[in-house]
Amino acid sequence: MTDTSQATIPQRYPFNAPVRLDLDARYAELREQPLVRVQLPYGEPAWLATRYADVKTVLGDPRFSRAASVGRDEPRNTPRQQETGILSMDPPEHTRLRRLVAKAFTARRVEELRPRTRAVADELVDGLLAAGPPADLVAHLATPLPIRVICELLGVPVSDQDKFHTWSEAIVSTTSLEPGLAQHYLDNLLAYMGALVARRRVEPADDLLSAMVRARDENADRLTEQEMVILAAGLLAAGHETTVTQIPNMVYVLLTTPGAWDTLRDRPELVPAAVEELMRFIPLGATAAFPRYATEDIELGGVLVRAGEPVVVNIAAANRDDTVFADADRLDLTREVNPHLGFGHGVHHCVGAQLARMELRVVLETLLDRAPGLRLAVPVEELTWKSGLLVRGLLAMPVAWGTGPGEDG
């Protein structure tokens with residue numbers, strides 16, 4: 001075990017600006033060595049974990065704390081430090097809040113939402129087919145579908161989507177918004193959710209927001225007013241932002257990997273496994289975020305992480321660890337054993353993972369059924385990508401389609 005925390009000069013991190021969905025080759029080199037010291041654009045230096053076992057330990061071992069980041073100059077990609085609510089909590093406080101919303105995202109509840117989600121997908125694909133070709137997959141399908149699903153689940157008027165979708169960028173922005181505007185958007189989002197909470201007190205409904213209001217009003221010890229508003233805003237933002245981004249990412253990979261789209265078109269029963277493989281394969285995160293702090297001296301990957309030192313993880317690098325995934329740099333839609341970390345791990349494992357899985361499966365199934373000849377309508381080099389965000393994704397994705405079963409045009 002080595003102790004190099006004071007002797008090593010931190011490397012600048014991220015190493016390079018993300019390019020499309022390419023994973024920096026340096027991660028493969030880093031997985032061959034212990035943790036490395038890095039310096040994010042803001043905050044104190046940190047350890048970076050890239051190997052699957054190390055990343056899983058940091059995410060799952062309670063000795064690595066998110067709550068300990070509060071009040072620290074935590075490693076981050078943005079000049080501002082913002083309130084991250086439940087993401088900055090450890091058990092038991094974290095458990096108290098998570099239990100209030102977990103029932104809305106159980107496998108059974110998500111399955112109940114599947115028929116409605118498929119109907120929404122069909123309606124949106126109708127619009128996509130009527131608009132083109134070429135038509136923008138992001139505008140016609142990838143953006144509105146997750147928004148409508150999370151709105152119905154939470155009890156948020158979908159007619160307000162343009163407002164809260166814009167404001168939600170403050171949650172995932174690193175440099176895309178200047179700090180003052182990011183705070184303005186965040187304030188607007190919280191004020192909006194506060195107004196909805198007040199409305200649900202007067203007009204309760206069968207939705208998650210009403211259930212949270214009841215929990216708050218029946219037992220204030222379970223949930224403070226501020227916690228409820230921040231939690232609801234976080235669920236609204238996180239409940240659509242990442243899926244909005246991941247839908248075109250997945251379609252892009254399938255259309256640009258030789259034979260991948262054809263394989264799923266010919267074998268649609270592979271869609272569930274394909275979603276898991278795409279979650280593993282796609283480096284959704286543009287950088288590391290949400291550091292964990294060691295609460296005691298801990299040996300990790302042969303390195304001594306001292307109490308009080310932060311560790312950041314790169315999940316995309318861990319998901320390409322060939323000690324866990326055979327031929328890890330290859331997209332394998334038939335991969336049977338796939339313990340990827342695409343939805344995180346440990347107490348902060350994505351509470352909406354089952355909902356995201358269902359939405360992603362429904363979208364792919366609908367496109368394969370309704371537009372089996374789907375293809376990019378422009379060269380890859382002409383596609384426009386988001387920048388300055390915690391996640392990678394396409395700003396627009398013009399697609400076309402040929403004639404085939406169930407297709408128009």
Side-chain angles (χ1 to χ4, degrees), residues 78 80 82-87 101 104 113 116-117 120-121 123-124 127-128 131 136-213 216 225-248 351-352 355-356 359 384 386-391 393-397:
T78 176
R80 75 190 194 285
Q82 67 181 51
E83 168 66 59
T84 55
I86 194 172
L87 292 177
V101 300
L113 295 171
R116 173 60 181 153
T117 304
V120 171
E123 175 191 332
L124 294 173
L128 177 79
D136 183 7
L137 188 84
V138 173
H140 285 281
L141 179 60
T143 299
L145 184 136
I147 287 177
R148 287 174 62 172
V149 172
I150 196 63
C151 281
E152 292 186 16
L153 184 63
L154 266 175
V156 174
V158 72
S159 58
D160 292 338
Q161 63 179 287
D162 289 343
K163 291 189 294 188
F164 66 70
H165 181 52
T166 297
W167 298 334
S168 294
E169 185 178 342
I171 304 291
V172 295
S173 172
T174 54
T175 59
S176 66
L177 300 174
E178 62 90 17
L181 183 58
Q183 188 61 52
H184 177 65
Y185 280 1
L186 187 58
D187 291 344
N188 283 345
L189 181 60
L190 293 176
Y192 174 79
M193 293 308 302
L196 276 182
V197 164
R199 187 187 308 174
R200 283 293 175 268
R201 281 203 168 92
V202 179
E203 304 170 0
D206 183 22
D207 54 48
L208 179 55
L209 193 57
S210 296
M212 291 167 65
V213 170
R216 155 68 182 155
E225 194 77 8
Q226 182 182 27
E227 285 174 339
M228 177 169 56
V229 171
I230 292 174
L231 182 58
L235 288 171
L236 178 62
H240 78 272
E241 281 287 355
T242 51
T243 311
V244 163
T245 300
Q246 197 69 316
I247 288 171
V351 70
L355 180 66
E359 292 175 323
T384 53
K386 299 175 181 178
S387 63
L389 302 176
L390 289 174
V391 293
L394 286 152
L395 281 170
M397 187 178 185

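A quick note: this is a predicted structure, and the numbers were derived from the prediction, not measured.
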* Asked: Hey, what do you get for CG (L236) to CG (L231), rounding to the nearest 0.5 Å?
  -> 11.5 Å
* Asked: Do you know the tightest heavy-atom contact between P157 and F164?
  -> O-CE2, 3.9 Å
* By side-chain hydrogen bond (donor to acceptor under 3.5 Å, both in side chains), which residues pair with R116, not counting sequence neighbours? -> E152
* S387: what forms a side chain to side chain contact (heavy atoms under 4.5 Å, CB included) with it, not counting sequence neighbours? -> none
* **Side chain proximity check, V138 to L395, heavy atoms < 4.5 angstrom** => no
* Between L196 and V156, which heavy-atom pair has the shortest distance, and what is it? -> CD1-CG2, 3.8 Å
* To do: Provide the closest heavy-atom pair for G85 versus I230 in the form atom of the first, atom of the second, distance.
  => CA-CG2, 3.9 Å
* Which residue pairs satisfy the salt bridge (charged side-chain N to carboxylate O under 4.0 Å, His left out) criterion with at least one member in residues 231-244, sequence neighbours excluded? -> none
* CG of L189 to OH of Y185: how many Å apart, nearest 0.5 Å? -> 12.0 Å
* **Partner set under side-chain hydrogen bond (donor to acceptor under 3.5 Å, both in side chains) for E178, not counting sequence neighbours** => none
* Structure fact -> By side chain to side chain contact (heavy atoms under 4.5 Å, CB included), A205 pairs with (sequence neighbours left out) R200, D207, S210
* Asked: Between V120 and V149, is any pair of side-chain heavy atoms under 4.5 Å apart?
  -> no
* Test side-chain hydrogen bond (donor to acceptor under 3.5 Å, both in side chains) applied to E359 - qualifying residues, sequence neighbours left out -> none
* Asked: Tell me, do L153 and L235 make a side-chain contact under 4.5 Å, heavy atoms counted?
  -> no
* Taking side-chain hydrogen bond (donor to acceptor under 3.5 Å, both in side chains) as the test, write out the residues that go with Q226, two or more places apart. => none
* Under the salt bridge (Lys or Arg N to Asp or Glu O under 4.0 Å) test, residues paired with E227 that sit two or more places apart -> R96
* Asked: What residues, two or more places apart in sequence or in another chain, satisfy salt bridge (Lys or Arg N to Asp or Glu O under 4.0 Å) together with K163?
  -> D160
* Structure fact -> Sequence neighbours excluded, the answer for side chain to side chain contact (heavy atoms under 4.5 Å, CB included) partners of V229 is L190, M193, V197
* Asked: With sequence neighbours left out, what residues match D136 under salt bridge (Lys or Arg N to Asp or Glu O under 4.0 Å)?
  -> none
* Measure the CG-OG1 distance between L390 and T245 for me, rounded to the nearest 0.5 Å. => 10.5 Å
* With sequence neighbours left out, which residue pairs that include part of residues 139-148 fulfil the side-chain hydrogen bond (donor to acceptor under 3.5 Å, both in side chains) condition? -> E123-R148
* State, with a plain yes or no, whether a side-chain heavy atom of L355 is found less than 4.5 Å away from one of I150. => yes
* Verdict with reasoning, N188 to Y192, per side-chain contact (heavy atoms from CB on, under 4.5 Å) -> CA-CA 6 Å; N188 283 345; Y192 174 79; over 6 Å; no
